[in-house]
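Data block below; observations after.
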Protein chains: 4
Amino acid sequence: MKKKINIAIAGASGLTGTELVKLLLGHPYAQLEHISSRTYKGQEIGAVYPGIESRLAFTERIGPSQLKQTDVLFLCLPPHDSMHYLKEVLAGYGGMVIDVGSDFRIRDPEEYQKWYGAKHLLPEILDRFVYGLPEINSQRIKGAKYIANPGCYPTSVLLGVYPLLDSGLVDIDSLMVDSKSGVSGAGRKCKDPYLFIHLNENFYAYSPEGHRHIGEMEQEIESIYKKRVVVSFTPHLLPLSRGIFSTIYVKAKNIDAGLQALYEKYYGQCFFVNYSRAVPQIRDVAGTNHCLICARHDRRAGVLKVFVAIDNLVKGAAGQAVQNMNIALGFAEQEGLKLQGIHT
Amino acid sequence: MKKKINIAIAGASGLTGTELVKLLLGHPYAQLEHISSRTYKGQEIGAVYPGIESRLAFTERIGPSQLKQTDVLFLCLPPHDSMHYLKEVLAGYGGMVIDVGSDFRIRDPEEYQKWYGAKHLLPEILDRFVYGLPEINSQRIKGAKYIANPGCYPTSVLLGVYPLLDSGLVDIDSLMVDSKSGVSGAGRKCKDPYLFIHLNENFYAYSPEGHRHIGEMEQEIESIYKKRVVVSFTPHLLPLSRGIFSTIYVKAKNIDAGLQALYEKYYGQCFFVNYSRAVPQIRDVAGTNHCLICARHDRRAGVLKVFVAIDNLVKGAAGQAVQNMNIALGFAEQEGLKLQGIHT
Amino acid sequence: MKKKINIAIAGASGLTGTELVKLLLGHPYAQLEHISSRTYKGQEIGAVYPGIESRLAFTERIGPSQLKQTDVLFLCLPPHDSMHYLKEVLAGYGGMVIDVGSDFRIRDPEEYQKWYGAKHLLPEILDRFVYGLPEINSQRIKGAKYIANPGCYPTSVLLGVYPLLDSGLVDIDSLMVDSKSGVSGAGRKCKDPYLFIHLNENFYAYSPEGHRHIGEMEQEIESIYKKRVVVSFTPHLLPLSRGIFSTIYVKAKNIDAGLQALYEKYYGQCFFVNYSRAVPQIRDVAGTNHCLICARHDRRAGVLKVFVAIDNLVKGAAGQAVQNMNIALGFAEQEGLKLQGIHT
Amino acid sequence: MKKKINIAIAGASGLTGTELVKLLLGHPYAQLEHISSRTYKGQEIGAVYPGIESRLAFTERIGPSQLKQTDVLFLCLPPHDSMHYLKEVLAGYGGMVIDVGSDFRIRDPEEYQKWYGAKHLLPEILDRFVYGLPEINSQRIKGAKYIANPGCYPTSVLLGVYPLLDSGLVDIDSLMVDSKSGVSGAGRKCKDPYLFIHLNENFYAYSPEGHRHIGEMEQEIESIYKKRVVVSFTPHLLPLSRGIFSTIYVKAKNIDAGLQALYEKYYGQCFFVNYSRAVPQIRDVAGTNHCLICARHDRRAGVLKVFVAIDNLVKGAAGQAVQNMNIALGFAEQEGLKLQGIHT
């Protein structure tokens, strides 16, 4: 049996953090050693969240002494907190970093400032972070030391459009994305709009003029396609707990047939990304690390529609982070991710 | 006080039929006389649906003797049933007909056959039906005898795009519509996909290659705009009971400002269609006959986004039918429709 | 036509307050003149809550000058706030008061302090408040000047047990009540337990050792039955917006038949309280002022089960308040309450 | 590594069957070989249910040749079907049987007929079935060949009352149980009452005069307590997918303290049944095999309230079936059941 990897999670009490804890507790080669939470410091995670089977206690902060024993450090911190924390500890830490937050996804500090409204504190290391979308970037993830885990929306959008980019089938400049996310996408923020009384029996669009995840989508499309593409992206909030469904619209150019073949050319060897002949549903992926994609040609309108479903907390966050760790360390991609869905 | 209008509803036990019953019971000038239901014939509607305050009993069918006393006949029947029924009774009926179903919305019998998969039984009277979207067609609705009540999705889409058509602000040929509907849009069909266990915590797109309501949208846009526009339309199913939220995407051409002014030019005098500065939410309109619209210019992408929220059972069906009756008969448009929303 | 009654509502922006606003806007003899809200002072209610059709603006406080023109003052304030406010304004106000809050339901100041944890500020006027449960107290409500509107749970429980108290059919001392309430029962409090992410797909009991509404239930049972009865009451939180379902258990003594007859003896003339042969469902009453009751004898166990469904915001709060006003002022009980349910 | 156990599941496409498939696919010593489904024969389970990671195909029926290779046969069949099937195959099958259905829970054939409305087809083997509630019956489950897996409601109720039976703290004859179950308890039946449009925003009691699970509860209480106790049981339907919350009421006799100590005396060594100081919530156990129990003394009313939460599909069905298999075969009780909850 392989030697276990020592793991620390900074910010382990939020929705992404706890999802990651649950996955790593079931990972055969991971040893979860340190978890931090300012709110729950000193308490056992299984006491705070009875659904978690573990007696590990939260510490207030993962400090130098804990980092010394750590092989992989996951950051599940709010925007800006990852870079603050890394700035403090990076000098004394030699292990792998996987940022499940948003501070290291944008490689250009100016772009970062534009989308996140703050000056980046570690611009000099942005280049060292690999964008951890394994089905696109696996070669670079292998052996990577610093990984920026993609946002939930970009994961669904990039996986949906990747096979199209160089296909010549579509006019990629007309990309419009209508995404719908379950409430866990907003975390556990205690604000009026996230109250049950407000969201139950409700639905709406938000950030209509621009959402932070756009910068990340455009950066990665450019990185693959070698041309700048502007994405028109609109997120919506669904009255359910977990799942993202993205509907991607793009002008069709020369689609005769073979959409399934195209997607399978790219994803046929991928365990977690699958082409679905039927339009996927959120219930098909909830609780799993899978991404289901279906493309349909609306001939009348000359539009290609791509439907993508993921679980925002798994493939859109914690599951993908584990997948990245597996690839980076040379484990089988599926270790700790052989999850069965919640619904049947 | 005005003399009361005698009303009959064919197909009064479905979701649209019962919504109409509830509205007409509260209408000051309506006298609901006859309601039909094959399933519940002989039973009082208030016994079948305890939420309805009425002791009126369902008859199996609204026959000639009942039609003789009827001033307004509403049809809330499944596709194809309205034309079958009208074919049988029309010769002996001289009052007004408001078809809340889908058989008389498409004026061209060939188009009808294309979208609804059946030969029309009364092609000769299709022309006599006015398309009952009051905020666009009120002049033709006044005094009309035959009214085809719009579909729920077309109501949301047409109201959203109407002010844009002749505005010169957008490239109307790029129209893409992503609509999301609550489950009541599917009526009370007892099929596996509509089970609670299937829809709860779920979301998905359906009819990805074409939905019947497209024909209706394109017909009405052509009727206003005098040019054929192809609509790329994708409906989705929301895990909630009532409400439609449509997100409309169209390439922006010359938008400098004045979106609110534009919409208010068209709807400023309309009681039920209102421009909203904030993106509307389904909760804002549930239980009312209002349509809330907000438009936002995504400058980066050169796209205009129009957000429209309605209650599919009210403005998208029964409420609009009452509004049409009011206008046709010369009542104030709001009679019987001074509804307060379900949510605050 | 009767002269309209001038109405003021203190605390009109909460869930109960807005429900009351909606009802009074549709009341033929009510003229809503003043509504207060500290949070939304200066804003129009229809702008804050688009589902409400009204341009009336919130004032910060209903002061002496407004009270001078007021015939009926409704209080929809949090615990303790009603008595604070009344203490300030009562001297200068000569009209009717209907407290929809909880400060004037308990007539004994010591009992009040025990259940509400505060000294009562107006113990001298507690006796002047009539407990406004119309189906039990209508004689005292007629012409009353001060009315304490019952709590939502007590409304469901008292209506369920009232016909049993003197029936000799049950051993009333074994009363156990298991109530389940929708989330609107907690108002719009912005606290973690009321987040969508916490309540969705969840259910639990709360206040297991005692809930404030018990004092009110026991007081009113004693008032009717002339004996002290201890109620074992347990509230639970349902993942839905509106509705209470109470299941009442009591040892059966001599039940042979005639449960329906018994309930109809008490409620046969009541418009809003109805015996239902089938077990009622929350969907049957949501959006209405009705209370549906069904009693079943579990012969094997010697237990009578009484099932009661109400809409907590209507019959459990705002609707009952309007019903009380109607009775007190001599209007027909149903004025402004001819509501059709939300669901069919 | 231990040799793998060959497993067959008859009726593997229902909600319980698929939950069992998912658990066994993750069990280190189980080899799932045969799964049957009349509806989906010939199809791969992962194609029918995309949330399941498996390419195993359904056969129409588990026949003699398949049974020959089978070590453990699970039955997840509707009422009456298990005994029909076993009658046909039992002669030629020598392995273990775990009936997750309801045909072998009641040991007295007359009682069976009374509660299930049918004559038992295999009365002679009823005695050979062990009632598989591990925390009570583990000694008898060890090495058992035939196991009747408990019903979901009885699991919650028996675990809640077991420590009380011989405690002398309560008057066990006054047992009243108010249970609330998520919709998965009804399986995937396609009937009007289980439609989303009917259950969403709804709640109600059903089977008010007696539910089949009562016979099972009373049989097991008698088996432990050596006295007949009549249980007054009332099930309710919750608008959520998975989970049962049972509230148990029993007259308190001599409760001074030590409720937690009492429960821990019985369950302190149990991995899956835990005493909780706070009232448990369905979200705490959803997706796990845990049962959380909390007891509270309502001193005013002299009532002990016991709150029990389980996931009806796991501890109430498939998870407990796996737990029984583990114990019967000498595996660690938790094998294949180290599940992390759905919610945090």
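Just so it is clear, the model here is predicted, and its values are computed rather than measured. Quick note on labels: first sequence line is chain A, next is B, and so on, each numbered from 1.
- If you check the side chains of Asp178(C) and Tyr249(D), you find a donor sitting under 3.5 Å from an acceptor.
- Shortest non-hydrogen contact noted between Leu238(C) and Leu238(D) is CD2-CD2, 3.5 Å.
- Closest non-hydrogen pair, Ala301(C) versus Val230(D), comes out as CA-CG1, 3.4 Å.
- Within the 4.5 angstrom heavy-atom criterion, atoms from both the backbone and the side chain of Phe203(D) approach chain C.
- With a 4.5 Å cut-off on non-hydrogen atoms, Thr344(C) does not touch chain D at all.
- Contact tally against chain C (heavy-atom pairs below 4.5 Å) for Glu201(D), Arg296(D), Met176(D): the top residue is Glu201(D).
- Note that the CG atom of Asn202(C) and the CG atom of Asp284(D) stand 7.0 Å from one another [nearest 0.5 Å].
- Note: Ile282(C) CD1 to Leu199(D) CG = 12.0 Å, rounded to the nearest 0.5 Å.
- To the nearest 0.5 angstrom, His236(C) atom NE2 is 6.0 Å from Phe307(D) atom CZ.
- Nearest heavy-atom pair, Tyr204(D) versus Phe245(C), reported as atom, atom and distance to 0.1 Å: CA-CE1, 3.8 Å.
- If you measure heavy-atom distances from Tyr206(C) to chain D, you find no contacts under 4.5 Å at all.
- Contact annotation for Val229(C): neither backbone nor side-chain heavy atoms come within less than 4.5 Å of a heavy atom of chain D.
- Residue His198(C) touches chain D through both its backbone and its side chain, counting heavy-atom pairs closer than 4.5 Å.
- Annotation: Glu110(C), atom CD; neighbour count of heavy atoms from other residues, nucleotides and ligands within 6.0 Å does not exceed 12.
- Of all non-hydrogen atoms in Val279(D) and Ala205(C), the two that sit nearest each other are CG1-O, 3.4 Å.
- Of the residues considered (Lys251(D), Gln281(D), His297(D), Lys305(D)), Gln281(D) shows the highest number of contacts with chain C, using heavy-atom pairs under 4.5 Å.
- Within a 6.0 Å radius of CZ in Arg228(D), other residues, nucleotides and ligands contribute more than 12 heavy atoms.
- Interface remark: Ile214(C) contributes side-chain atoms only to the contact with chain D (heavy atom separation under 4.5 Å).
- Of the atoms belonging to Ala286(D), not a single heavy atom falls under 4.5 Å from chain C.
- At a 4.5 Å heavy-atom cutoff, Arg299(D) makes no contact with chain C through either its backbone or its side chain.
- Counting heavy-atom pairs closer than 4.5 Å to chain D, the top-ranked of the candidates Thr247(C), Thr234(C), Val303(C), Leu237(C) is Thr234(C).
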